[in-house]
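Whatever order the structure lists ligands and atoms in, that order sets their numbers, starting from 1.
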Amino acid sequence: MEKIRVRFAPSPTGALHIGGIRTALYDYLFAKKNGGDFVLRIEDTDTSRYVEGAEDYILNALEWCGIIPDESPIKGGPYGPYRQSERRQIYDKYTQQILDSGNAYVAFDTPEELETLRKNHENKGEVFSYNYRTRKHLRNSLSLPEKEVKSLIEKKTPYVIRFKVPVDQTIHIRDWVREDFSVNTSMLDDKVLVKNDGMPTYHFAHVVDDHEMKISHVIRGEEWLPSLGLHLLLYEAMGWNPPEFAHLPLILKPEGKGKLSKRDGDRLGFPVFPLTFTDPTTGSVSEGYREKGYYPEAFTNFLVVLGWTPEGKEILSRQEMIEEFDLRKVHKSGARFSKKKALWYNQEYLQQKKDEELLVEFKKIPEVESGGYSDVSLLRIISLMKPRAVFVKDLYVQGSFFFRAPDRYDEKSAKKAWGENSSDLLKDLLSLLPQTSPLCPEKIKTLLHSVVERHKTEPGKIMMPLRLALVGELKGPDVPDIITIIGLERTLERIRHALERIRVH
Ligand code: GLU
């Protein structure tokens, strides 16, 4: 059996949408599952859409996601170059071949002429198509005398090369994901294969490349499905066997209708790009999953289930993804994006991290670094704050009281927490706490208990005002844990401060 070879072929026209990353992931998983190669090819023949920095962005995004190509513009490989702009000679050779075979022709119609035709048709309520019906009335090598064609070319008249679509044939289309269907060739137009700058269009270039690079399976977004008939005709015209095809469903808006766009992300507060991207022309910055604090493993796990449901479990290591991925089971219909699910995945992966690993990231937060805590105390904070954290920054945001004394007391909490005997209870604690050494949750609990007993009151009467004094509101982990971590000095200071400031009764 021929070796499985799959390619991801993005165009460097801007940031890579998460749909593109999912395509790359499915390409990669299918290749690896079958012991095959995963190839990255940069499709940059359309110079008008080229965006500076976009290729680097693609490379960095794939690397961050751990989708590592076996062959690429950087790594090279036996079928290079892997950038279409460097493959001109190869395309030239095959352009000559398709012209010689009579399956393509030279067309001199100017963009203005074609625009006028389009407009005229539109005015009559019709759609202009350059096809088997119209081609003989237009200015091309099929309609003009050979001598004139030669002379026009000699005079360097700009021309394009068009595909001569055969008339009234049925193309049977088989796809790994979508239902089989048929297309009648008379529905297709004579697509441009080579532009007037001599560069091939996507349609021609990718067929040549997939053939030359021995690609066995083309797995790509479903926006290319309508062009598949044309692509199969091109293979036939070149005398090549086509690869297998699988067209992946779209990632849909959270509401379910239409393709997920950057505007949806802006509107609902989530990124649609893997890494932050700065548009070089507008300067506008779009935040990425990486910069938001997502783990690449969580991000790719979230993506892999958008369009494919693994059996049994939702959390999959990369190895499990490779083993279980089934291209035949990719869904036919679009997958709805869910921000909640993205967050859930990150939370799950964060919970699986060892506290020591989180410590390294936690200490990168400037307020944490300068907080004056030992690693032992920071590890205590991590283990207390971890269960509800989605991102590492949540460990700080939700536990900021460890690093800063409250500068205000939540009014509602104060009303609820501060009773008539609160001051007395806290004053008692102020004098007793310094005698409790060393501070540990057990000893603090015993002390609090004894104060409650002495005042013949209930535990809540001291716990709530104390929590308010330490945190500023009625949330956070157990009070004895907080006291143990922030230490005696900070505790006393916060209690004194609260006694001075809180006046509810
Ligand atoms: N360059 C095309 C794109 O970016 C690739 C389509 C394909 O995979 O054939 O959409």
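Exactly one of R162, R135, K164 qualifies for a salt bridge (Lys or Arg N to Asp or Glu O under 4.0 Å) with D190. That residue is R135.
Residues P271 and K292 come closest through the heavy atom pair CG-CG, 3.8 Å. What you find for A205 and T45 is that their closest heavy atoms are CB-CG2, 4.5 Å.
The single protein non-hydrogen atom nearest to atom 1 (N) of ligand 1 is E43 OE1, 2.6 Å, given as residue, atom name and distance. Residue, atom and distance of the protein heavy atom nearest to atom 3 (C) of ligand 1 are A9 O, 3.8 Å. For atom 10 (O) of ligand 1, the closest non-hydrogen atom on the protein side is W224 NE1, 3.2 Å. Remark: minimum distance from atom 7 (C) of ligand 1 to any protein heavy atom is reached at Y202 OH, 3.2 Å. The protein heavy-atom contact nearest to atom 8 (O) of ligand 1 is R7 NH1, 2.8 Å.
You'll find the ring centres of W176 and H217 inside the 6.0 Å limit.
Checking only distances, H206 never comes within under 3.5 Å of ligand 1, N or O to N or O.
Between D109 and R139 no salt bridge is recorded (no basic side-chain N to carboxylate O distance below 4.0 Å).
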